[in-house]
2 protein chains.
Amino acid sequence: MQTKEIEQYLESHGIKPSYHRIRIFLYLETRKNHPSADQIFQDLLKEIPTLSKTTVYNTLKLFLEKGVVIEILIHEKETRYDADTSMHGHFECMNCNQITDINMDDTGLHFKKLEGFKVSESHFYFKGLCPVCLGSSDKRIIINNKK
Amino acid sequence: MQTKEIEQYLESHGIKPSYHRIRIFLYLETRKNHPSADQIFQDLLKEIPTLSKTTVYNTLKLFLEKGVVIEILIHEKETRYDADTSMHGHFECMNCNQITDINMDDTGLHFKKLEGFKVSESHFYFKGLCPVCLGSSDKRIIINNKK
DNA sequence: ATATTTGCAAATAATTTGCAGTCGA
DNA sequence: TCGACTGCAAATTATTTGCAAATAT
């Protein structure tokens, strides 16, 4: 997305497109790295030295309320964020902690409506070892990196 | 499960069945209420006044490592625990915060293996309103209780 | 000029850790 | 007796809050 598009996208969701908001959304949009609030803060701080962590938290909270990002509750310690709000799953590598998008069609996953419930969010995630860490010839990193 | 069975179950998973460990496992087993560490602590404190929260945390960590409980990462604030380690989903009501087990067969959910990944855990959860809160004639509680 | 956005510093809350006392085989 | 289990208190860490300063319309 271009900056112009992001402005429109945010506005269409009732978010005034301030400079910091655009930059944070752009970050999520382009990196697609499912970062924590702190990762966003640390990375953007290099480019925007005046940025404060409170603003990151404020912005993420607003984005969440307005539905332009979703929370990924996959890591015990910290919430991760995703600007892709379409239905998809996630995989967290227990070795490198990278989070990968999982296309639902690829998994063949589907489910019917839950009787009697009003479902507003559906999430699914997996944990294990990603192809990169699996393929590593040095298996020690898998053991040593254990949290 | 009887206390005797729990002792055997814990031992078979490499856990020495101390009094507190048995009581905590029994709590999870019988209530099936997907509690937080604090909920377990508060409830058991009434019956075991000498219990400390550290012991609850220690025990849950051990249970997790030994695979007799799973973590439910569905609530942003706190980790919930489940002694049912079989594959099943969860539903968190955004009104009453109750967590309900979802039988995978009921949802028709299934998925094929993820190519190239070594999957050791699969989780899925839903959020929305449960039948009880949906059926309530006083809709205000749904609005007022909003976190 | 007026409402919104930002940011510092302090507060909160879940969880972890260090360490000493206690208990059970 | 000896190592495992327990628990207090302090530390850590992610997140939130109060409020004042900066900014935008």
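This one's a predicted model, so the numbers in the text were calculated from it and none came from an experiment. Here is the naming used below: chain letters follow the sequence lines, and residue numbers restart at 1 for every chain.
Computed from coordinates, the A:E78 CD to C:dA13 C1' distance equals 17 Å when rounded to whole Å. Taking atom NZ of B:K53 as the reference point, atom P of C:dA13 lies 11 Å away to the nearest angstrom. The separation between B:K61 atom NZ and C:dA14 atom P is 19 Å, rounded to whole Å. In this entry the distance linking CD of B:E76 with P of C:dA13 reads 16 Å, nearest Å.
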Do B:K77 and B:E92 pass the salt bridge (Lys or Arg N to Asp or Glu O under 4.0 Å) test, and can you show the C-alpha distance, the side-chain angles, and the key distance before you say yes or no? CA-CA 13 Å; B:K77 301 300 179 186; B:E92 182 185 43; over 6 Å; no
Verify side-chain hydrogen bond (donor to acceptor under 3.5 Å, both in side chains) between A:R23 and A:Y19, making sure each step is shown before the conclusion. CA-CA 6 Å; A:R23 291 302 302 269; A:Y19 176 67; 2.8 Å; yes
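At C:dT15, one or more side-chain N or O atoms of B:T79 fall inside 4.0 Å of OP1 or OP2 (strictly under the cut-off).
Under the 4.5 Å side-chain criterion, counting only non-hydrogen atoms from C-beta, B:H20 is in contact with B:I48.
A:D82 and A:H90 share a side-chain donor-acceptor pair at under 3.5 Å.
Listed by chain and number, the hydrophobic cluster partners of B:I74 are A:I72, A:L73, A:I74, A:I99, A:Y125, B:I72, B:L73, B:I99, B:Y125, where partners are ILVMFWY side chains within reach of under 4.5 Å, directly or through others.
Counting any heavy atom pair closer than 4.0 Å across all strands shown, B:T54 reaches a base atom. Residue contacts for B:T50: at a heavy-atom cut-off of 4.0 Å it reaches the sugar-phosphate backbone alone, with no base atom in range. Within the nucleic acid shown, A:S36 has no heavy atom closer than 4.0 Å to any nucleic acid atom.
One N or O on the side chain of A:T30 and one on the backbone of A:L26 form a donor-acceptor pair closer than 3.5 Å.
Put simply, chain A comes within 4.0 Å of DNA chain D, heavy atom to any atom, from D:dA14 to D:dT17, going 5' to 3'.
Annotation: of the two residues near DNA chain D, B:R21 and B:K77, the 5′-most nearest-nucleotide partner is B:R21.
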